[in-house]
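What's counted below: heavy atoms across the whole structure, side chains too, no hydrogens, waters or symmetry copies. Numbers restart at 1 for each chain; the letters A, B, ... are given by sequence-line order, proteins then strands.
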Amino acid sequence: MMQKEEKEILPSTIKNKEKRSEVHAKLKHQKKLEKRKKAKARDAAEKRALELGEEPPPKMVPRTIENTREFDETVCKPDDEELFAGNDADEFGAILKRERTPKVLITTCRFNSSRGPAFISELLSVIPNAHYYKRGTYDLKKIVEYANNKDFTSLIVVHTNRREPDALLIIGLPEGPTAHFKLSKLVLRKDIKNHGNPTNHKPELVLNNFTTRLGHRIGRLIQSLFPQDPNFRGRRVVTFHNQRDFIFFRHHRYIFDRKESKQTDSKGKEAEDAKGEKASQERVIARLQECGPRFTLKLTSLQHGTFDSKGGEFEWVHKPEMDTSRRRFFL
Amino acid sequence: MPRTTTLECPGCPSLRALTFDALGLIKVIEAKGSQGGAPRVVERWGELDSSKCVLAASINDREDDPLLAVARKTGMIEVLSAINGDICFTVSNANEDGPRPEDDAVVGLHLFAGQKLGLTSRSCTLLTCTTKGNTSMRSIEVTDSPAGSASIGSSNTWSVCSSGNILCSKVDGSENYAIFGGKGVEMNMWDLDNCSKIWAAKSPPKNSLDIFTPTWFTSSTFLSKDDHRKVVAGTNSHQVHLYDISAQRRPVISFDFRETPIKSVTEDLDGYTVYVGNGSGDLASFDMRTGKLLGCFLGKCSGSIRSIARHPELPVIASCGLDSYLRFWDIKTRQLLSAVFLKQHLTNVVFDSNFADEEVKPSVAADLPLNAEQIANEMEIRDEEETLPLKRKKASKEEERRKKKKATKENEGNKEASKENNGSKKKVSKENEGSKKLKSKKSKRSKCEIHDES
């Protein structure tokens with residue numbers, strides 16, 4: 001922050017490194033003290049207001065990147081009939097309307113080693129009705145043909161680079177779009193502390209924050225991998241949470257519990273299905289146990305039609321010139 | 001302070017474009033005003049039905065009852081009025097003994113502006129081409145019955161290719177020739193009067209690695225409106241070929257552009273510039289005399305560009321594609337003028353050039369009082385010169401007869417512009433619509449251009 005008074009010297013104008021770092025450290029210390037003072041004053045004001053029974057001063061909302069996201073006109077509106085018509089007509093409509101049950105074929109790239117097979121076996125346990133076939137040396141286009149013959153609804157290809165899975169290609173069949181994701185931060189089940197073991201029940205699916213049209217389409221693509229009739233008694237949930245164009249994958253088992261809560265400030269625990277019943281100071285919360293892998297995906301391109309590296313046309317492809325703003329997201 | 005770089009989009013000049021999308025909707029986008037005009041969707045025609053996805057469209061852009069022909073996936077071809085979207089008539093492209101329209105989709109469609117086959121002015125002629133190569137040219141009488149039916153006049157049907165799929169077709173400016181090309185089908189040019197093939201291309205020789213790329217043309221156009229001999233075609237392997245039928249069968253110039261198939265090629269009015277759009281959203285302009293890239297249009301287009309249209313007068317092009325945006329670009333500066341989000345995958349865009357605004361602009365075609373103003377200005381500027389600049393002529397060439405007389409500076413009085421403009425439905429701000437016939441007795445007219453309309 002620029003000092004307005006002439007007496008203050010900007011550290012960057014001091015050429016001597018030792019002196020400069022001293023001045024800088026002093027400035028930082030001062031700022032820290034001021035910040036702490038302000039925070040204390042705020043807390044004191046709030047407490048006083050509560051004791052006096054008045055309204056506490058309004059809580060300030062921190063500015064975040066999601067708060068200041070650039071306005072995007074492609075955000076889906078809830079009353080958009082073209083959106084619904086498009087949804088009915090698009091490639092996933094048949095699966096999502098339960099006319100076809102999803103059947104997923106998982107395969108890899110040609111060279112597969114180390115964490116790849118482990119990841120695939122975990123994916124097989126996450127996605128119901130998934131089958132794994134070894135890659136061999138088939139062309140991807142041929143694989144698409146074979147899958148169509150055998151009535152699969154989607155094809156997932158896990159791509160490995162330097163003995164780590166790093167890309168995921170989800171192809172909708174018969175002629176659905178192809179989404180290419182970059183995969184990172186993969187944590188396998190055995191590396192998660194206190195992990196649980198998933199069961200065979202059909203999972204619930206949670207898709208968070210897929211707001212734009214592109215996001216909506218990707219959301220439907222992911223939705224078409226899973227069966228549309230979750231088994232709630234199985235208490236198994238798979239979450240794809242989109243934030244800042246990164247899609248976080250988590251897989252949990254949950255259980256509802258009653259918790260005795262004290263007067264005011266017990267906060268309800270974990271995310272989605274927490275219900276608060278204030279009736280008898282007893283709250284129902286959901287406790288989660290993570291099972292299954294944890295990874296993040298980032299969309300690099302969405303191709304219209306099945307995988308075709310040479311002749312494909314793209315619905316959305318990431319170009320570096322789109323990244324000029326830190327507050328612009330596409331999903 | 002957020003660190004963002006947002007591109008300020010200058011507005012569009014006043015224009016009107018129609019887009020066609022994969023759900024069968026036709027949207028009319030208009031931009032009003034020369035400064036800060038943001039284009040908006042003003043109308044939407046058609047029902048939301050994806051089986052009626054629009055495959056090809058063509059506009060007959062005359063002043064008087066402009067028509068729009070639209071070919072849908074169901075095999076129906078509808079001809080609508082471009083002003084209000086009412087269906088004039090519907091024709092089915094399917095034959096009884098031919099393949100079903102779902103298998104044999106319409107790929108190219110052209111609505112003839114001139115009169116073919118010697119019919120009355122209440123008829124229109126359509127040329128359609130399907131993927132299997134069945135091309136038919138039929139002329140249809142527009143009857144006055146409101147039911148939207150029409151009686152089909154004469155029609156010719158022939159097959160353009162025996163094997164392979166046609167993917168692109170175009171009719172040239174003089175409307176006598178048409179080219180077709182596709183997957184496994186070399187470019188070939190047909191004479192429409194005789195329905196005979198007059199030229200077929202030959203594939204370029206194998207490259208230095210002896211690799212033969214199979215023929216797969218994805219888009220094509222004629223290089224200039226007046227010359228049917230030069231053809232530009234884009235292929236699936238991201239190459240653009242220029243053919244000259246008077247020279248040789250192999251391409252005269254060919255070059256590479258990025259890495260995805262060339263999905264659309266459009267020529268500019270000057271006869272040597274083309275705009276090329278490919279499957280990953282890159283739009284660039286090339287000079288076809290040398291094959292040099294003039295520049296790319298940068299504007300965050302992330303979806304394949306399905307169709308590019310060049311405005312007949314303004315230096316504006318429109319591109320639309322699978323990312324559901326319609327973008328307007330300025331040709332000279334290659335800058336994005338504005339982008340409109342249209343929610344569906346767009347397949348085609350055409351310009352409607354007869355769009356007059358409330359304030360009359362000199363670039364709008366064919367307005368009587370407009371030309372009067374211009375003539376006034378020019379008379380003051382030029383001395384003793386009678387030549388009308390060719391640009392003006394281009395802007396107002398249809399159905400107009402003007403005599404320009406010089407001599408004096410009594411501007412409005414002595415202006416002659418008599419014009420037959422019956423039935424024009426466009427808004428014209430200053431009236432004077434009737435014909436002002438002033439006989440020119442005095443003096444010198446060194447050069448006058450008279451368009452006679454009978």
Side-chain angles (χ1 to χ4, degrees), chain A residues 1-2 63-77 80-91 93-94 177-178 180 212-214 216-217 299-305 308-331, chain B residues 1-7 21-25 27 41 44 46-53 73 167 183 213-214 216 218 235-238 259-264 277-282 296-306 321-325 339-346:
Chain A
M1 218 169 336
M2 303 275 289
R63 172 197 70 93
T64 60
I65 291 192
E66 286 87 5
N67 277 349
T68 47
R69 178 172 171 172
E70 210 176 74
F71 172 67
D72 198 346
E73 54 181 349
T74 59
V75 164
C76 301
K77 309 249 168 39
D80 196 356
E81 51 166 6
E82 284 191 41
L83 177 65
F84 301 140
N87 280 350
D88 287 335
D90 78 0
E91 299 93 345
T178 305
H180 184 274
T212 64
R213 291 295 292 244
L214 177 66
H216 192 73
R217 201 159 150 81
L299 182 70
T300 52
S301 69
L302 180 62
Q303 219 181 60
H304 190 75
D308 193 345
S309 59
K310 285 196 296 195
E313 46 174 349
F314 291 91
E315 283 181 30
W316 188 84
V317 60
H318 175 265
K319 293 187 175 174
E321 58 186 11
M322 297 180 191
D323 279 343
T324 52
S325 160
R326 291 185 67 177
R327 278 150 183 87
R328 179 185 307 142
F329 305 112
F330 302 100
L331 281 184
Chain B
M1 265 58 69
R3 263 174 279 159
T4 60
T5 59
T6 46
L7 196 58
D21 64 23
L23 273 191
L25 298 173
K27 294 186 178 163
V41 180
R44 192 183 86 174
E47 308 101 46
L48 295 168
D49 189 357
S50 79
S51 64
K52 296 207 178 148
C53 158
K73 200 155 118 178
L167 292 176
K183 179 172 180 182
T213 43
W216 192 335
T218 47
T235 68
N236 196 39
S237 42
H238 42 89
E259 290 156 2
T260 43
I262 312 285
K263 280 294 175 184
S264 76
N278 74 354
S280 52
D282 305 316
C296 285
F297 291 71
L298 296 174
K300 295 199 246 340
C301 179
S302 50
S304 149
I305 297 180
R306 282 285 180 89
L322 289 185
D323 60 347
S324 322
Y325 270 91
V340 188
F341 177 60
L342 291 171
K343 297 184 199 153
Q344 307 297 337
H345 294 328
L346 302 170

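Partners of Ser324(B) according to the side chain to side chain contact (heavy atoms under 4.5 Å, CB included) rule, which considers only residues two or more places apart in sequence or in another chain, are Phe341(B), His345(B). By the side-chain hydrogen bond (donor to acceptor under 3.5 Å, both in side chains) test, Gln344(B) pairs with Glu82(A), sequence neighbours left out.
Within a 6.0 Å sphere centred on CD of Glu259(B), heavy atoms belonging to other residues, nucleotides or ligands number 12 at most. More than 12 heavy atoms of other shown residues, nucleotides or ligands fall within 6.0 angstrom of atom NZ in Lys319(A).
Contacts between Leu342(B) and chain A at a heavy-atom distance below 4.5 Å involve the backbone alone (N, CA, C, O).
Contact detail for Pro261(B) and Gly312(A): the closest heavy-atom pair is CD-O, 3.6 Å.
For the side chain to side chain contact (heavy atoms under 4.5 Å, CB included) with Glu313(A), the lone residue among Thr218(B), Ile305(B), Thr260(B), Leu322(B) that qualifies is Leu322(B).
The NE2 atom of His318(A) sits 13.5 Å away from the OG atom of Ser280(B) when rounded to the nearest 0.5 Å. To the nearest 0.5 Å, atoms CE (Met322(A)) and CG (Leu298(B)) are separated by 11.5 Å.
Between chain A and the options Gly303(B), Cys53(B), Gly321(B), heavy-atom pairs under 4.5 Å are most frequent for Gly303(B).
Between the Lys343(B) side chain and the Arg213(A) main chain, no donor and acceptor come within less than 3.5 Å of each other.
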